[in-house]
There are 2 protein chains.
Amino acid sequence: MARRGETIELAVLGLLHEGPLHGYELRKRLNLILGWGRLLSYGSLYPTLKKMLRERLITEVDSVPAPVTGRPRIVYRVTDAGTAEFHRLMAEVGPNAWEDDAFGIRFNFFSSTNLETRLRVLEGRRTRLEERLARVRGDLEGEQKRPVRSDHYAIELRRQRVEAVEREVRWLSDLIQAERDRQDERGTAPQTS
Amino acid sequence: MARRGETIELAVLGLLHEGPLHGYELRKRLNLILGWGRLLSYGSLYPTLKKMLRERLITEVDSVPAPVTGRPRIVYRVTDAGTAEFHRLMAEVGPNAWEDDAFGIRFNFFSSTNLETRLRVLEGRRTRLEERLARVRGDLEGEQKRPVRSDHYAIELRRQRVEAVEREVRWLSDLIQAERDRQDERGTAPQTS
DNA sequence: GTTAGCATGTAAGGAGTTACATGATTTT
DNA sequence: AAAATCATGTAACTCCTTACATGCTAAC
């Protein structure tokens, strides 16, 4: 369950959920969401689209002839099966769902989900980050016993990283609180975009 | 030039540069440096060590029999060729050297480098991050022209990420300033660990 | 007595990149 | 006249993970 390749598939489904797009444009938007370092290549995107076509998650829209280049651009839209898969993946709680990319993609499409799912994703991410912090702090204690060689730069690197994670935890806590406030305002909300 | 697998090789060389270690212990230290999400598997580490052995970058130290487990642990140390390779990689300015992992590893072993190299790495990373920020800001302007659908969550995600990158840029700037101050104090410094 | 940690390794497979192939149009 | 952008696609390769195989000791 929860293959790794699902993260890109989820992003494609999410983007097409907002309207039909062709491959080239999809890649640009994808890179905006994945942002930071990762630049998805065509050699990865086009085969993924082909695969999703085969699985009937998306279909070709009656192709607009050709605007700029000689070759026609192929416009895709989600099928009903694709929409179902999108919602399934958004709500899924697999162990991969909290990694940086997977979390970022889910967060990006939060508007298309309900409050319950959002809370689950946000809290899951926070728990994951707190586990990491606990692990690092455990390591630090272990090192205090037998002084491993306290390297100035190595320590500074860890300090900066711990701070960044702590900051994200606070950010998540604020968001979780904001979602809970909404939850209180309306007992049952019509939240599905 | 600058294959991707060199990042782990560099980390191994850096750790062994501080003293001989066996595979199991190497993995633990590696995960401390790579930290955050990435957990290097044995299926990746042991073949890498074998490969580095073949390339004569490391050698087996006269194996300590066996402390806890039945099987002997194999202790490695760097060769002269390995040390040379370590310094070569640390100073290298290839396009991969500024990615998160590659930068983190180089930073972690800064104590084993000279001031010139440290400045090159820090400034390179900062330039890379500033390019990213410029790209994102360009995208934002492009979107203001034809309003793409301003999604609350998507905007919040980008805001948070931009802030994190801006924070790292400030961190880098402080470090660069600190290194420059040292540079001024001593015209020619004996900085090589 | 069962779980966690120590310790090394192999085989199969997944997810992605790089390099290649092709070619028109717009900007510099 | 060159470079960038538009637009799609394939083949080879790389790096890494997962799952498997093996077995001992310490802690709970």
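Letters A, B, ... are given to chains in the order of the sequence lines, protein chains preceding strands, and every chain is numbered from 1.
- Atom NZ in B:Lys50 sits roughly 18 Å away from atom P in D:dC16 (whole-Å rounding).
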Using nucleotides 19-22 of chain D, report all nitrogen or oxygen pairs with the protein that are shorter than 3.5 Å.
residue : atom : partner : partner atom : Å
D:dT22  : O2   : B:Arg71 : NH2          : 3.2

What donor-acceptor contacts under 3.5 angstrom involve side-chain atoms of residues 160-167 of chain A, with partners at least two apart or in another chain?
residue  : atom : partner  : partner atom : Å
A:Arg161 : NH1  : B:Ile33  : O            : 2.5
A:Glu163 : OE1  : A:Arg159 : NH1          : 3.0
A:Glu163 : OE2  : A:Arg167 : NH2          : 3.1
A:Glu166 : OE2  : A:Arg137 : NH2          : 2.6

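- Look at B:Lys28 and you'll find a side-chain N or O under 4.0 angstrom from OP1 or OP2 of C:dC6.
- Ring orientation note: the planes of A:Phe107 and A:Phe103 are tilted relative to one another, at an angle of 30° to 60°.
- A:Asp174 CG: more than 12 foreign heavy atoms inside a 6.0 Å radius.
- Residue A:Ile8 has its side chain nearest to C:dG16 when only C:dG16, C:dT10, D:dA7 are considered.
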Checklist entry - Should A:Thr117 and A:Asn114 be marked as a side-chain hydrogen bond (donor to acceptor under 3.5 Å, both in side chains) after you check the CA-CA gap, both sets of side-chain angles, and the distance that decides it? => result CA-CA 6 Å; A:Thr117 298; A:Asn114 57 31; 2.8 Å; yes

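- Between B:Tyr46 atom OH and C:dT10 atom P the separation is 11 Å, expressed in whole Å.
- The CG-P distance, from A:Leu49 to C:dA15, rounds to 15 Å in whole Å.
- Going from atom CG of B:Asn96 over to atom P of C:dG16 covers 18 Å, rounded to whole Å.
- Comparing D:dC16, C:dG16, C:dG9 against the side chain of A:Thr7 picks out C:dG16 as the nearest.
- A:Leu45 places its CG atom 13 Å from the C1' atom of C:dA15, with the value rounded to the nearest Å.
- In the set D:dT10, D:dC6, C:dG9, the nucleotide with an atom closest to the side chain of A:Tyr24 is D:dC6.
- A donor-acceptor distance shorter than 3.5 angstrom exists from the side chain of B:Arg120 to the backbone of B:Ala91, with no hydrogens or angles considered.
- Residue B:Asn31 contributes atom CG, which lies 9 Å from atom P of D:dT17 at whole-angstrom precision.
- Axis angle across the helix from C:dG1-D:dC28 to C:dT28-D:dA1, with five pairs used at each end and values rounded to 10°: 50°.
- Distance A:Leu34 CG to C:dA15 C1': 13 Å, rounded to the nearest Å.
- Distance CD (A:Glu99) to C1' (D:dT18): 14 Å, rounded to an integer number of Å.
- Rounded to the nearest 0.5 angstrom, B:Leu57 CG and B:Tyr76 OH are separated by 13.0 Å.
- Of the N and O atoms on the side chains of A:Thr7 and A:Asp101, not one donor lies less than 3.5 Å from an acceptor on the other residue.
- Here C:dT8 is the nucleotide among D:dT18, C:dT8, C:dT10 with the atom lying nearest to any side-chain atom of B:Arg73.
- Distances were taken from every side-chain heavy atom of B:Tyr76 (C-beta onward) to each of C:dG9, D:dG9, C:dA7; the shortest belongs to C:dG9.
- Using a 4.0 Å heavy-atom cutoff across all strands shown, A:Leu26 reaches no nucleic acid atom at all.
- Judged by distance alone, with hydrogens and angles left aside, the side-chain atoms of A:Arg128 form no donor-acceptor pair with the main-chain N or O of A:Glu99 at under 3.5 Å.
- Using a cut-off of 4.0 Å between Lys/Arg side-chain N and Asp/Glu carboxylate O, B:Arg180 and B:Glu123 are scored as salt-bridged.
- For the pair A:Arg126 (side chain) and A:Val169 (backbone), a donor-acceptor distance under 3.5 Å is absent.
- Residue B:Ile74 has its side chain nearest to C:dG9 when only D:dG9, D:dA7, C:dG9 are considered.
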